[in-house]
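Here the structure is laid out as structure tokens; the discussion comes afterwards.
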There are 2 protein chains.
Amino acid sequence: MTINHAILGILSYRPMSGYDLKKVIQDSLFMHWSGNNNQIYKALLELLEEGLVTGEVVHQENPPSKKIYTITSGGLDTLKAWTACAPEPASFRKSFLIQLAWADLLCDDALRELLRSYEEEIRLQLVMAREKIRRGSAFAARSGQEAFLWRMINENVLSSYQSELAWVERVLGQLPAALSGEVCKDEPSAD
Amino acid sequence: MTINHAILGILSYRPMSGYDLKKVIQDSLFMHWSGNNNQIYKALLELLEEGLVTGEVVHQENPPSKKIYTITSGGLDTLKAWTACAPEPASFRKSFLIQLAWADLLCDDALRELLRSYEEEIRLQLVMAREKIRRGSAFAARSGQEAFLWRMINENVLSSYQSELAWVERVLGQLPAALSGEVCKDEPSAD
DNA sequence: GGTGTCATGTAAACAGTTACATGATTTT
DNA sequence: AAAATCATGTAACTGTTTACATGACACC
């Protein structure tokens, strides 16, 4: 459950409530969770039990009250240990590729249309990503190194979309030749 | 549940058992599921109930017997309808980026080491992807168009890894400058 | 009077993984 | 004798999403 680590990371910047965490996660480029309550409030309970955060109820002038969570020194240690551990491989889930794999069933126009709508979809993702970057992080970088890392993270996300976009344009460009039946004559597809 | 569509797609090539499906999915580049029994056998039950496949028990000379599933014309229609529907956006889950986001806690050497091990990880993924491609598909392409699409799918996966690799190398290249503290002076990080 | 924000939480479902269980046969 | 392959399936769990429930206040 990586979301616990993500929450510890956010709380390392400043103490905040579950509600705040939800917004930070939703507005983030690289924290892929939808930011739903269920996961966040459950994670906070777990972190409390493990003593990695403390929770304090703060009564405001007007209700509702909120619970402000603060990372403990144990929490900081756990976070630091996690950041140093061996990275997991990235996972790409592109259900579009599965769609394409069986798209031989479609006629030429439908196939072209399918590729075009995927292209549109990626462009949309790119615009939204850029908008999130434009709005900036909710936090100030704590060091030049951190500012650098954050720029690299933004670049990573953008370059993923750009690579996907370049690919779909390549496919659309090669499609006419492929449809004319001139392609793949000398490419046996099974061994 | 996309795996049902993936299974329909595979069965559109040839009838086979759950066990065979498992292997096809595990050996595939782009079907991201682990190929676990639970999902496959459950999906097959659903497809049976919906009448999209038929199942026939085949007794072999030596046990165990197997159940061979065959796609129905209704199944083919469903598959075709699905291939034509609006594509979902690709989802990239890179827990490494979350790790990097809080990596300010690490010292220079640990950060460099972290990036290097991610680079290694991607290289490994790339090698495994190429190996899967080298072994080839379990099926012969039914048309030149299909052969073309399959090549494009392979290219997509490879270019995703290559883009990720290029990114991590860029980061490693820029790291010395970032660590020397010369970077980001004129880059306020919040708006 | 309806909609939106702040703020907590729960319920139900879907998606996906690991591990277990069985039993025969073949390979090491 | 142990391990791998063929082949079916189940159990338990983690992860993730959508939607619901509550209640005060503010804004249009």
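Every chain is numbered from 1, with letters handed out A, B, ... down the list of sequences.
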Query raised in the report: Under 4.0 Å between a side-chain N or O of A:Ser17 and OP1 or OP2 of C:dC6?
Result: no
Report task. Round to the nearest Å and state the distance from B:Leu45 atom CG to D:dG9 atom C1'. Result -> 10 Å
Query raised in the report: Take atom NZ in A:Lys132; do more than 12 heavy atoms of anything else shown fall under 6.0 Å from it?
Result: yes
Report summary line: The nucleotide from D:dA11, D:dG9, C:dG9 with an atom nearest the side chain of B:Asn38 is D:dA11
Query raised in the report: What about B:Asn36: does its side chain form a donor-acceptor pair under 3.5 Å with the base of C:dG16?
Result: no
Report summary line: Checking D:dA7, D:dT16, C:dC6 against the side chain of A:Lys23 (C-beta onward), the nearest is C:dC6
Query raised in the report: Can you name the closest pair of heavy atoms from B:Ser17 and B:Ile68 and give their distance?
Result: N-CD1, 4.0 Å
Query raised in the report: Counting side-chain heavy atoms from C-beta on, which of C:dG23, D:dT16, D:dG9 comes nearest to A:Trp33?
Result: D:dT16
Report summary line: Taken to the nearest whole Å, CD1/A:Ile25 to P/C:dA7 is 16 Å
Report task. Please report, rounded to the nearest Å, how far the C1' atom of D:dT10 is from the CG atom of B:Leu44. Result -> 15 Å
**Report entry** Spacing between A:Lys42 atom NZ and D:dT17 atom P, to the nearest angstrom
**Finding:** 12 Å
Query raised in the report: Separation of A:Ile40 atom CD1 from D:dT17 atom C1', in whole Å?
Result: 12 Å
Query raised in the report: Is the phosphate of D:dG9, meaning OP1 or OP2, less than 4.0 Å from a side-chain N or O of B:Lys67?
Result: yes
Query - OP1 or OP2 of C:dT8 under 4.0 Å from side-chain N/O of A:Tyr19 - result: no
Query raised in the report: Which listed nucleotide (D:dC6, C:dG16, D:dT10) is nearest to the side chain of B:His32?
Result: C:dG16
Query raised in the report: How is A:His59 classified with respect to the nucleic acid when contacts are heavy atoms under 4.0 Å: base, sugar-phosphate, or nothing?
Result: nothing
Report summary line: Taking for B:Tyr41 and for B:Arg93 the nucleotide of DNA chain D with the nearest heavy atom, the one nearer the 5' end belongs to B:Tyr41
Query raised in the report: Separation of A:Lys66 atom NZ from D:dA24 atom P, in whole Å?
Result: 19 Å
Query raised in the report: When the distance from CG of A:Asn37 to C1' of D:dT18 is rounded to whole Å, what number comes out?
Result: 11 Å
Query raised in the report: Can the positive tip of A:Arg14 be found less than 6.0 Å from the middle of the six-membered ring of A:Phe139, inside 45° of the ring normal?
Result: no
Query raised in the report: How many Å lie between CE on B:Met16 and C1' on D:dT8, as a whole number?
Result: 17 Å
Requested in this report: Examine C:dT17: is either OP1 or OP2 under 4.0 Å from a nitrogen or oxygen in the side chain of B:Gln39? Give yes or no.
Outcome: yes
Query raised in the report: With a cut-off of under 6.0 Å to the ring centre and 45° to the axis, is B:Lys94 in cation-pi contact with B:Phe92?
Result: yes
Report task. Would you give the length of the straight line joining atom CD of B:Glu120 to atom CD of B:Gln125, rounded to the nearest 0.5 angstrom? Result -> 11.5 Å
